[in-house]
Undergrad: 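One structure coming up, written as structure tokens, with questions to follow.
All heavy atoms count here, side chains included; hydrogens, waters and symmetry mates do not.
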Amino acid sequence: MDKDELAAAQAYIRLLEATRAALSDPDDAPLYLPLLTSPMEEADRALSGAGLTGNEDKLFALVRALRPCLSVSDR
């Protein structure tokens, strides 16, 4: 994994964690959803910089390499 791929995977993980936090309380979610703008922009830039835009299979493989627990369903 090169540094751009690492940055993209880390940005995706941060976005995922921020989204989970924002949606953890459905009643408050509308208040927190605007806070996701920055993590979404960061992830978009990182994905583009790593050449991963539209290549979800490779992105998810990189994410699993960093955080294997994300590949297991929480359900």
Side-chain angles (χ1 to χ4, degrees):
M1 178 178 328
D2 68 29
K3 68 179 181 93
D4 289 336
E5 292 172 337
L6 176 62
Q10 289 173 329
Y12 174 80
I13 291 168
R14 283 190 292 276
L15 174 59
L16 181 61
E17 290 172 347
T19 302
R20 285 180 173 171
L23 298 177
S24 65
D25 184 347
D27 293 332
D28 291 336
L31 298 172
Y32 296 113
L33 287 177
L35 298 176
L36 297 177
T37 301
S38 179
M40 284 189 287
E41 290 171 350
E42 176 195 12
D44 283 343
R45 282 191 308 273
L47 290 169
S48 179
L52 293 171
T53 302
N55 193 344
E56 292 83 6
D57 289 339
K58 185 168 183 179
L59 171 64
F60 295 147
L62 296 169
V63 169
R64 280 191 303 274
L66 290 178
R67 297 278 299 273
C69 63
L70 292 178
S71 64
V72 177
S73 176
D74 290 337
R75 294 179 196 186

Undergrad: Do you know which two heavy atoms are closest between A46 and A11, and how far apart they sit?
TA: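 Taking every non-hydrogen atom into account, CB-CB, 3.9 Å.
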Undergrad: Is E42 close to L15 at the side-chain level, that is, under 4.5 Å between some pair of heavy atoms?
TA: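 No; the side chains remain at least 4.5 Å from each other.
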Undergrad: Starting at SG of C69, measure out to CZ of R64 and round the result to the nearest 0.5 Å.
TA: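 So the gap between those two atoms works out to 12.5 Å.
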Undergrad: Would L62 and L6 count as a side chain to side chain contact (heavy atoms under 4.5 Å, CB included) if you check the C-alpha gap in whole Å, the side-chain angles of each, and the deciding distance to 0.1 Å?
TA: CA-CA 8 Å; L62 296 169; L6 176 62; over 6 Å; no
Undergrad: Give the minimum heavy-atom separation between P30 and P34, together with the two atoms involved.
TA: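 That closest heavy-atom pairing would be O-CD, 3.5 Å.
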Undergrad: So which atom in A29 and which in L23 form the shortest heavy-atom distance, rounded to 0.1 Å?
TA: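 Closest heavy-atom pair between A29 and L23: CB-CD2, 3.9 Å.
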Undergrad: Looking only at atom types and distance, does a side-chain atom of E5 sit under 3.5 Å from a main-chain N or O of D2, one as donor and one as acceptor?
TA: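 Side chain of E5 to backbone of D2: a pair is present.
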Undergrad: Any side-chain heavy-atom pair from M1 and L66 closer than 4.5 angstrom?
TA: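 In short, these two side chains touch, coming nearer than 4.5 Å.
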Undergrad: Quick one: do Y12 and L59 satisfy side chain to side chain contact (heavy atoms under 4.5 Å, CB included)? Show the steps, please.
TA: CA-CA 9 Å; Y12 174 80; L59 171 64; 4.2 Å; yes
Undergrad: Quick check: is M40 connected to Y32 through a chain of hydrophobic side chains (ILVMFWY, heavy atoms under 4.5 Å apart)?
TA: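 Each belongs to a different hydrophobic cluster.
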Undergrad: To check you understand the geometry: which heavy-atom pair defines the closest contact between A18 and P39, and what is its length?
TA: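 Looking at all heavy atoms of both residues, the closest pair is CB-CG, 4.2 Å.
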Undergrad: Show your reasoning for whether side chain to side chain contact (heavy atoms under 4.5 Å, CB included) applies to L33 and L36.
TA: CA-CA 6 Å; L33 287 177; L36 297 177; 3.8 Å; yes
Undergrad: So D57 and N55, do their side chains get closer than 4.5 Å, heavy atoms only?
TA: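 They are in contact (side-chain heavy atoms under 4.5 Å apart), so the answer is yes.
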